Amino acid sequence: MKIATYNVNGINARLPVLLRWLETSRPDIVCLQELKSPHEKIPENAISEAGYNAIWHGQKRWNGVAILTRGLEIEEVSRGLPGDPEDEQSRYIEAKVSGIRIGCLYLPNGNPAPGPKFDYKLEWFRRLQQHAQDLLKREEPVVLTGDYNVMPTEKDVYKPERWVDDALFRPEVRTAFKELLDQGWTDAIRKLYPDETIYTFWDYFRNAFDRNAGLRIDHFLLNPKLENRLKAAGVDREVRGWEKTSDHAPVWIELKD
DNA sequence: ATGCCAGAACTATTCTGA
């Protein structure tokens, strides 16, 4: 079972790249973020012709998350992160696929910090912690994956000193991420590669990809039921080098059946 | 501090991203 997460930065602008990647990588389950598309404009037919079922939570212009599966049945559990009925942003969708519960999330960026956007990020993080705690009470395997917009440690940033005041790296969000892990979640990439420099995002400016000036902000968190099933994990780095690509690369894990 | 790039939206300029 191969599960992937990919911040596409606009699903319509990214469609050729997305389809090419699906064909080469062939993940069984895919979590997408930053669809930047209203519900009715998601390219449903193209996804279906590529052999994937899909559920999604779109939004005009911003955000948007989706779960795709290669022929597997998707049972949607919820859309929207619990804890704030006023929150209109499409940043969370959860489903059950093949006995695995999958939460697909797009955590707020939070810049500029401090400020209202940073407050929203921290509040969203608190709600995520609460929901994650509830999920841990379950007996079933659970994956919480997506764009967390957090570099967990200095190893996850090309130049940590430049990012200390940024909403993706400030102590508050690193602490929040650590608290999440301390609940009992495993960071899949770090479990398999504790010391390697691994990035999942390179910005479009200043030849960041060529200079490998990257960040690790897309993560897979596994509950204890899944930890022992983790077989492999990686980043499809080459996709970041394709024409008209996203600023993120896809990240994936493989689980024992 | 800001620009550098990229995508989307009531098409030209603004907002957002990380």
Side-chain angles (χ1 to χ4, degrees), chain A residues 5-21 31-43 46 56-66 87-92 104-122 124-125 128 145-174 176-177 197-219 235 237 239-251:
Chain A
T5 184
Y6 186 21
N7 179 322
V8 290
N9 187 18
I11 192 165
N12 288 300
R14 206 66 56 226
L15 191 59
V17 166
L18 175 64
L19 295 176
R20 180 179 168 194
W21 168 70
C31 293
L32 301 177
Q33 303 86 34
E34 273 210 271
L35 305 178
K36 289 187 170 179
S37 166
H39 184 86
E40 66 278 8
K41 290 198 176 155
I42 301 291
W56 62 90
H57 192 197
Q59 183 183 328
K60 197 177 170 183
R61 287 193 95 176
W62 317 122
N63 311 317
V65 285
D87 187 358
E88 304 264 300
Q89 301 190 23
S90 303
R91 295 181 175 275
Y92 188 80
C104 170
L105 65 101
Y106 175 45
L107 207 132
N109 173 308
N111 277 306
K117 289 188 173 179
F118 192 60
D119 295 342
Y120 173 67
K121 178 176 196 167
L122 294 179
W124 208 94
F125 225 136
L128 180 62
T145 188
D147 179 357
Y148 281 74
N149 268 318
V150 181
M151 294 85 91
T153 72
E154 299 208 335
K155 265 200 298 272
D156 303 309
V157 201
Y158 66 102
K159 269 195 175 142
E161 68 278 9
R162 286 206 190 160
W163 289 83
V164 282
D165 292 325
D166 191 277
L168 278 70
F169 198 52
R170 286 175 69 100
E172 300 95 316
V173 297
R174 274 187 274 169
F177 189 83
T197 297
I198 297 173
Y199 299 138
T200 66
F201 167 91
W202 298 260
D203 84 29
Y204 289 122
F205 312 154
R206 298 164 289 222
N207 277 326
F209 186 56
D210 293 335
R211 295 186 295 119
N212 198 26
L215 311 173
R216 190 175 75 97
I217 55 179
D218 302 273
H219 307 299
V235 178
R237 211 175 177 284
V239 176
R240 180 61 183 79
W242 293 354
E243 284 284 304
K244 295 284 288 174
T245 198
S246 170
D247 39 8
H248 294 250
V251 185

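Keep in mind the model is a prediction, meaning the values are calculated, not measured. The chains referred to below are lettered A, B, ... by the order of the sequence lines, with proteins before strands, and numbering in each begins at 1.
With B:dC5, B:dA8, B:dC15 as the choices, the nucleotide that has an atom nearest any side-chain atom of A:W62 turns out to be B:dC15. With B:dT16, B:dC10, B:dG17 as the choices, the nucleotide that has an atom nearest any side-chain atom of A:R91 turns out to be B:dG17. Here the nucleotide nearest the side chain of A:K60, chosen from B:dG7, B:dC10, B:dC5, is B:dC10. Here B:dA9 is the nucleotide among B:dG7, B:dA9, B:dC5 with the atom lying nearest to any side-chain atom of A:P38. The side chain of A:R14 sits closest to B:dA6 out of B:dA9, B:dA6, B:dG17. Listed candidates were B:dG3, B:dA8, B:dC10. Nearest to the side chain of A:R206 is B:dG3. With B:dG7, B:dG3, B:dT16 as the choices, the nucleotide that has an atom nearest any side-chain atom of A:N9 turns out to be B:dG7.
Taking the six-membered ring for Trp and thresholds of 30 and 60 degrees, A:F177 and A:H219 have ring planes inclined between 30 and 60 degrees apart.
Comparing the P positions of B:dC5 and B:dA1 gives a spacing of 22 Å, expressed to the nearest Å. Remark: the separation of the C1' atoms in B:dC10 and B:dC15 is 15 Å, to the nearest Å. B:dT2 and B:dA12: their P atoms are spaced 27 Å apart (whole Å).
Residue-level contact check: A:Y106 touches the backbone only, with heavy atoms under 4.0 Å from sugar-phosphate atoms and none from bases. Nucleic acid contact class of A:N7 (heavy atoms, under 4.0 Å, all strands): sugar-phosphate only. Heavy atoms of A:K121 sit nowhere under 4.0 angstrom from any nucleic acid atom. Across all strands, A:D165 comes closer than 4.0 Å to no nucleic acid atom at all (heavy-atom distances).
The shortest distance between the side-chain N/O atoms of A:K36 and the OP1/OP2 oxygens of B:dA9 is not below 4.0 Å.
Within the 4.5 Å cutoff, the side chain of A:Y199 has no heavy atoms near those of the A:M151 side chain.
For the pair A:N12 and A:L168, nearest-nucleotide mapping onto DNA chain B gives the more 5' position to A:N12. Between A:G10 and A:Q89, the residue anchored nearer the 5' end of DNA chain B, judged by the nucleotide with its closest heavy atom, is A:G10.
No donor-acceptor pair closer than 3.5 Å links the side chain of A:K41 to the backbone N or O of A:K36.
Between the NZ atom of A:K41 and the C1' atom of B:dA9 there is a distance of 9 Å, given to the nearest Å.
Both tests hold for A:R174 against A:F169: distance to the six-membered ring centre under 6.0 Å, angle to the ring axis within 45°.
For the side-chain contact (heavy atoms from CB on, under 4.5 Å) test with A:L215, the passing option among A:D166, A:D247, A:V157 is A:V157; the others fail.
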